[in-house]
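Shown next, in C-alpha cells, is the structure this report addresses.
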Amino acid sequence: MDRILVIGAGGQLGTELTKALAHKYGNDNIIATDFQDAMKEKFEYCSFQTLNVMDKPALEKIVEKEKVTQIYHLAAILSASGEQHPLQAWDLNMGGLLNVLEIARDHKIEKVFWPSSIAVFGPHSDKQHTPQQSFKDPNTVYGISKLAGEHWCEYYFNKYGVDVRSVRYPGLIGYKSLAGGGTTDYAVDIYHKAVTEEKFVCFLSAHTYLPMMYMEDAVNATLQLMDAPKENIRIRTSYNLAGISFSPIEIYQSILPYYPQFEIAYQPDFRQQIADSWPNSIDDSMAITDWNWKPAFDLNAMTAIIVKNLPQYFNYKAHK
Ligand code: AKB
C-alpha cells in the first residue's frame, strides 16, 4: 500500500498537490505536515502533523510510525525571502533535503519528490528556450541551494539507489493559496488586486519575461513524473519544465477584458535583478520525451479560470 508523506503541505504548491495525491491514493494514505500548526485547517480530509523538516528524529518517527512509502518534500525558502535571510535559506533548503535523503536511504523509501526551480539558471545561462544542460551560474541563495540540491539528489540515486525525482518549476500560479517569498509572486498577487478592484503596483518592470505555469499543470506534471517507469527517468538532477512565458504587461492585458478599470503601475525593486538573471523561456524537450509532458493551459485560459473562481474562493465579495 502507498503511504504518502508531504512535507511543507501548507504552502502554495503543497495545498493543491496534497489534495491531488489524496484523490489518487486515498485520504487515509496521506500524511500532510507543515511547520505551522495553523495549516491544520487546510487538511481536514487527511491526517495532519506539525513537523519542522530540520528535526530529523521527528521526521524519522513519522516515517516509521506511518509506514511511509513515498515522500514529497516541498518545504523551502524561496528566492526573494532567501535574499533577506541567506544563511537561514541555505540551512533549511539544504539541511531539510539532506534529512529527507538520509531517511529515504535508511528506510528504503520507494520514491521521493523534491522540487527544483528555474532559479538554478543565472545571468550567463541561455535566455530563450533555455536547454536542460545550459550553463548555470545562479546568483541567489535559493538558486545555489537548488543547484546543489539537484546534485545531491543525483548522488543519492547513483550511490544508494534512492529513487528521487525532480522538476525545475517555473513560477506557479493558482487561486487556491497565496504565493510567498518568490520573485514570480507578482503573477499571483495581480489577480487578487484585480478582483478586489484595487490598483496593482508591480515589483517587476512591464516587459520582464519569465517562465510560468498554471497550478493544475504543475500538479499534473508532478504526478506524471512520479508515475513514470523508473527506467524512463534519464535525468536524476531535475527536469526542465515549461508552461507559459509572459511579462507583467501581458498578464495585466489578459485581465483587462474582465476588469476594464483595473490599473497597474511599475516600481521595480531588488527582485528585478533576480528576474533579469533567470530565463525568459524554457526548453523542456527531455520531459516531453521521457514522460510525455504536455501543458494544457495558456495565459488566457489561466486568467479566465482565476478571475471566475478567486472572488468566491477567498470570499472577497463578502468583505466588500
Ligand atoms: C520564486 O520566485 O522564487 C519561485 C521559483 C521560480 O522557484 N516561484
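As the structure lists them, so they are numbered: ligands from 1, and atoms in each ligand from 1.
Distance alone, capped at 3.5 Å, places no donor-acceptor pair between the R165 side chain and the Y239 backbone.
Counting heavy atoms closer than 4.0 Å to ligand 1, residue S79 contributes atoms from both its backbone and its side chain. Contacts between I118 and ligand 1 below 4.0 angstrom, taking non-hydrogen atoms only, involve the side chain exclusively.
One option in A76, P170, A275, S117 has a heavy atom closer to atom 5 (C) of ligand 1 than any other, and that option is S117.
For the pairing with R3, the side chain to side chain donor-acceptor pair (under 3.5 Å) check across E66, E110, Q70 returns one residue only, E66. Of the listed residues (E102, R236, R105), just one forms a side chain to side chain donor-acceptor pair (under 3.5 Å) with Y156, and that residue is E102.
For an aromatic pair to be called close, the ring centres must be under 6.0 Å apart, and Y191 with Y175 fails this. Here H192 and Y316 bring their ring centres to under 6.0 angstrom of each other.
The single protein non-hydrogen atom nearest to atom 8 (N) of ligand 1 is T184 OG1, 2.9 Å, given as residue, atom name and distance. The protein atom (non-hydrogen) at minimum distance from atom 2 (O) of ligand 1 is T183 N, 2.7 Å.
The distance criterion of under 3.5 Å between nitrogen or oxygen atoms is not met by W278 with respect to ligand 1. For Y142, a nitrogen or oxygen atom sits less than 3.5 Å from a nitrogen or oxygen atom of ligand 1, counting backbone and side chain alike.
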Side chain to side chain contact (heavy atoms under 4.5 Å, CB included), that's the test. Do Y72 and L5 meet it? Break it down for me.
CA-CA 6 Å; Y72 291 70; L5 174 65; over 6 Å; no
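Listed by number with element, the atoms of ligand 1 under 4.0 Å from a non-hydrogen atom of L78 are 3 (O).
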